[in-house]
Amino acid sequence: MGKNITEITEPLYDYILDMTLREPPELAALREETASLSSHGMQISRDQGQFMGLLANLIGAERYLEIGTFTGYSALALALARPGLNLTCCDVSEEWTAIGRRHWESAGVADRIDLRLAPALETLEALKEAGHSERYDLCFIDADKENMPNYVDAAYDLLRPGGLMMVDNVLWSGAVIEESDQSESTVGVRALNEKLRDDQRFDISLVPIGDGLTLARKL
């Protein structure tokens, strides 16, 4: 570790949450229900959800595109953080998103969330054909890792110039630097990271929050 890099230990992370986290009860209820699922690790962290809500407010986002919704925590975090934000969410699981739908209804934000259950690349192409190109202010990509580079390209056309793309799991629990890990998902994340590094269509920064979040501003 360099002298200007602070190692985030578990006690220090607890301190960060204690000093900064403002998780609404509606979000906490969804997080607690998701925690009972065997796949609960797919949910973003609480501090990441709050950070994404802050970014939405900083750029004055009005339209948000999400690729990979799971049980809806990130969508609910954004909807609560920015009243009036309209969300388009892409997923393939009726089972997982049904949990999100219930909590969106309870929180009073369901009328602002357009959930589309289909392979995301098909949905993105349909949005493009429907005239949604360059209409979204903010995009979050958190879906199957093998397709992440493809999602970046498809979402690029839907994002307005100056809009912000947020790409999740870019550290992949540290597996990105383990040369022995040649699993399809890990290879996909590495390809994504290399693509974003070299893609001159964006300004980028990798933020070590949650499992790693790359911020890419469309030029």
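Values reported hereafter were calculated over all heavy atoms of this structure, with side chains retained and with hydrogens, waters and symmetry mates removed.
- Gln182 CD: more than 12 foreign heavy atoms inside a 6.0 Å radius.
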(message) Is there a side chain to side chain contact (heavy atoms under 4.5 Å, CB included) between Leu159 and Glu134? Walk through the geometry before answering.
(response) CA-CA 4 Å; Leu159 195 66; Glu134 298 192 343; over 6 Å; no
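- Minimum interatomic distance between Gln200 and Leu219 (heavy atoms only, all atoms of both residues): O-CD1, 3.3 Å.
- The minimum heavy-atom distance linking Leu117 with Arg101 is given by the pair CD1-NH2, 4.3 Å.
- No side-chain donor-acceptor contact under 3.5 Å links Lys218 to the backbone of Pro161.
- For the pair Thr69 and Asp142, the minimum side-chain heavy-atom distance is 4.5 Å or more.
- When side chains are defined from C-beta on, Asn86 does not count as touching Glu62, because their heavy atoms never get closer than 4.5 Å.
- The pair Asp199-Arg197 fails the salt-bridge criterion, with no side-chain N (NZ, NE, NH1 or NH2) lying under 4.0 Å from an Asp/Glu carboxylate O.
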(request) Under the side chain to side chain contact (heavy atoms under 4.5 Å, CB included) rule, what do Val167 and Leu213 come out as? Steps first, then yes or no, please. (result) CA-CA 6 Å; Val167 187; Leu213 184 70; 5.8 Å; no
(request) Kindly determine whether Met166 and Leu55 satisfy side chain to side chain contact (heavy atoms under 4.5 Å, CB included), including the steps that lead there. (result) CA-CA 10 Å; Met166 306 176 291; Leu55 291 175; 3.9 Å; yes
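- In this structure, Ile99 and Leu30 have side chains that are in contact, with non-hydrogen atoms separated by less than 4.5 Å.
- There is no side-chain donor-acceptor pair under 3.5 Å between Asp91 and Thr97.
- Crowding of Glu146 atom CD: a count of heavy atoms from other residues, nucleotides or ligands under 6.0 Å exceeding 12.
- With Thr9 contributing its side chain and Leu12 its backbone, the two residues share a donor-acceptor pair below 3.5 Å.
- Cluster annotation: Leu171 is not connected to Tyr13 through the hydrophobic network of ILVMFWY side chains, with a link wherever side-chain heavy atoms come within less than 4.5 Å.
- Atom CD of Glu32 is separated from atom NE2 of His103 by 9.5 Å, given to the nearest 0.5 angstrom.
- Side-chain contact between Tyr151 and Leu192: absent, with no pair of heavy atoms (C-beta onward) separated by less than 4.5 Å.
- With sequence neighbours left out, the salt bridge (charged side-chain N to carboxylate O under 4.0 Å, His left out) criterion links Glu33 to Arg102.
- Residues Val152 and Leu206 share a single hydrophobic cluster, defined by chaining ILVMFWY side chains whose heavy atoms lie under 4.5 Å apart.
- In this structure, Tyr15 places its OH atom where only 12 or fewer heavy-atom neighbours from other residues, nucleotides or ligands lie under 6.0 Å away.
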Could you give the side-chain donor-acceptor pairs of residues 71-79 under 3.5 Å, partners two or more places apart or in another chain?
from	atom 1	to	atom 2	distance (Å)
Thr71	OG1	Thr34	OG1	2.8
Tyr73	OH	Glu23	OE2	2.7
Ser74	OG	Glu66	OE1	2.7

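- In this structure, Asn169 CG and Met42 CE are separated by 9.0 Å, a value rounded to the nearest 0.5 Å.
- Leu196 and Val187 fall into different hydrophobic clusters, defined by Ile, Leu, Val, Met, Phe, Trp and Tyr side-chain heavy atoms under 4.5 Å apart, directly or through other members.
- Arg63 meets the side-chain hydrogen bond (donor to acceptor under 3.5 Å, both in side chains) test with no other residue; sequence neighbours excluded.
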(request) Given side chain to side chain contact (heavy atoms under 4.5 Å, CB included), test Asp111 with Trp104 step by step and report yes or no. (result) CA-CA 9 Å; Asp111 61 325; Trp104 298 341; over 6 Å; no
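- Under the 4.5 Å side-chain criterion, counting only non-hydrogen atoms from C-beta, Glu125 is in contact with Glu129.
- No chain of hydrophobic side-chain contacts below 4.5 Å, direct or via other Ile, Leu, Val, Met, Phe, Trp or Tyr residues, connects Leu87 to Leu158.
- When all heavy atoms of Ser133 and Lys128 are compared, the pair lying nearest together is OG-CG, 3.4 Å.
- Atom CD1 of Ile67 sits about 12.5 Å away from atom CZ of Arg116, to the nearest 0.5 Å.
- Among residue pairs with one or both ends in residues 33-72, those qualifying as ring-ring contact (aromatic ring centres under 6.0 Å, His included) are Phe70-Trp96; sequence neighbours excluded.
- Side-chain N/O atoms of Asn57 and Arg82 include a donor and acceptor closer than 3.5 Å.
- Met52 and Val109 end up in the same hydrophobic cluster when Ile, Leu, Val, Met, Phe, Trp and Tyr side chains are linked at under 4.5 Å.
- Of the charged side-chain nitrogens involved, none lies within less than 4.0 Å of a carboxylate oxygen, so that Asp157 and Arg160 do not count as a salt-bridged pair.
- In terms of modelled atom types and a separation under 3.5 Å, the side chain of Asn193 and the main chain of Val170 share a donor-acceptor contact.
- The shortest non-hydrogen separation linking Ala216 to Ile204 is CB-CG2, 3.9 Å.
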(request) Before giving the answer on side chain to side chain donor-acceptor pair (under 3.5 Å), spell out for Gln48 and Asp168 the whole-Å C-alpha distance, their side-chain angles and the decisive distance to 0.1 Å. (result) CA-CA 10 Å; Gln48 181 176 329; Asp168 201 27; 3.1 Å; yes
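- In this structure, Asp211 contributes its side chain and Ser173 its backbone to a donor-acceptor pair below 3.5 Å.
- Listed here is the closest heavy atom pair of Leu121 and Ala154: CD2-CB, 4.1 Å.
- In this structure, Leu138 and Leu65 have side chains that are not in contact, with every pair of non-hydrogen atoms separated by 4.5 Å or more.
- Shown here are the salt bridge (charged side-chain N to carboxylate O under 4.0 Å, His left out) partners of Arg217, two or more places apart in sequence or in another chain: Asp203.
- Here Glu122 pairs with nothing under the salt bridge (charged side-chain N to carboxylate O under 4.0 Å, His left out) rule; sequence neighbours left out.
- Asp18 is not listed as a side-chain neighbour of Asp14, based on a closest heavy-atom distance of 4.5 Å or more.
- Annotation for Cys139 and Ile141: closest pair SG-CG1, 3.9 Å, computed over non-hydrogen atoms.
- Two residues are said to be in side-chain contact when any heavy atoms from C-beta on lie closer than 4.5 Å; Arg201 and Asp153 meet this criterion.
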